[in-house]
Amino acid sequence: MFTWQHRVLAVFIGVSGCFCVLFGAWLAHAGGHLSPEVITRLETAHQYHILHTLALLGLVIWRLVIWRQQAQSRLLATSSWLMVAGIWGFSGSLYFKTLLMMPELGQMAPFGGVSLALAWLCIAIYGVTGAAKSQRIEELK
């Protein structure tokens, strides 16, 4: 079942992926005038952004498959939204801090990083608890 949450996440993933490509091209071609410190910070933000956009895409696909087979998992939904918050909080704050010369925005990066870590932890917890639920459902059939 494709819910409003899936639509919002699909839009976010599409825009996020598009930005990854365009920003990567800009960084490779027009970013040459930046200092090595700034380039390193932007490359870190870009790498985390790409990785977690792809992870979020996989997570949404996984949620769609699981929702067809068993009851909705709050852990996977929570993980999806934590990844969105983490991409904005970590990569977004580093982009804005650097490109808009607003160093105070860099203070959001640790919160974004924690959000990303918690998103991965939710997936791990789901692996432990979701497998048990799935097995119980199969036993009831």
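Values below: every heavy atom of this structure, side chains too, minus hydrogens, waters and symmetry copies.
Within the 4.5 Å cutoff, the side chain of Ile87 has heavy atoms near those of the Phe12 side chain. For the pair Lys97 and Gln107, the minimum side-chain heavy-atom distance is 4.5 Å or more. At a threshold of 4.5 Å between non-hydrogen side-chain atoms, the residues Leu9 and Trp81 count as touching. In this structure the side chain of Leu99 reaches within 4.5 angstrom of the side chain of Leu42, judged on heavy atoms.
Leu75 is connected to Val114 through a chain of hydrophobic side-chain contacts under 4.5 Å among Ile, Leu, Val, Met, Phe, Trp and Tyr, so both are in one cluster. In terms of hydrophobic clustering, with Ile, Leu, Val, Met, Phe, Trp and Tyr side chains grouped at heavy-atom distances under 4.5 Å, Met108 and Leu118 are assigned to a common cluster. The hydrophobic clustering, which links ILVMFWY residues whose side-chain heavy atoms are closer than 4.5 Å, places Leu51 and Leu121 apart. No path of Ile, Leu, Val, Met, Phe, Trp and Tyr side chains, each step under 4.5 Å between heavy atoms, connects Leu54 with Phe19, placing them in separate hydrophobic clusters. Side-chain heavy atoms closer than 4.5 Å link hydrophobic residues (I, L, V, M, F, W, Y) into clusters, and following such links, possibly through other members, connects Ile13 to Ile123.
The two residues Thr78 and Cys122 make their nearest non-hydrogen contact at CG2-SG, 4.0 Å. When every heavy atom of Phe90 is checked against every heavy atom of Ala45, the shortest pair comes out as CE2-CA, 4.5 Å. Heavy-atom minimum distance, Leu56 versus Ser80: CD1-O, 3.5 Å. Smallest separation of non-hydrogen atoms from Leu94 and Ala109: CD2-CB, 4.2 Å.
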| field | Verdict with supporting geometry, Tyr126 and Arg74, side chain to side chain contact (heavy atoms under 4.5 Å, CB included) | value | CA-CA 9 Å; Tyr126 175 80; Arg74 288 192 182 119; over 6 Å; no
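Within 6.0 Å of OH in Tyr95 there are more than 12 heavy atoms belonging to other residues, nucleotides or ligands. Atom CZ of Phe111 has 12 or fewer neighbouring heavy atoms from other residues, nucleotides or ligands inside a 6.0 Å radius. Other residues, nucleotides and ligands contribute more than 12 heavy atoms inside 6.0 Å of the CD atom of Glu104.
Aromatic ring orientation, Phe23 versus His46: tilted (interplanar angle from 30° to 60°).
Remark: Leu27 CG to Cys20 SG distance equals 12.0 Å, nearest 0.5 Å. Between atom OG1 of residue Thr44 and atom CD1 of residue Ile39 there is a gap of 11.5 Å, rounded to the nearest 0.5 Å. Interatomic distance, Leu82 CG to Leu59 CG, rounded to the nearest 0.5 Å: 10.0 Å.
Checked by atom type, the side-chain pair Trp88/His49 shows no donor-acceptor distance below 3.5 Å.
Checked against Ser16 for a side-chain contact (heavy atoms from CB on, under 4.5 Å), the options Thr53, Leu57, Val84 give a single hit: Thr53.
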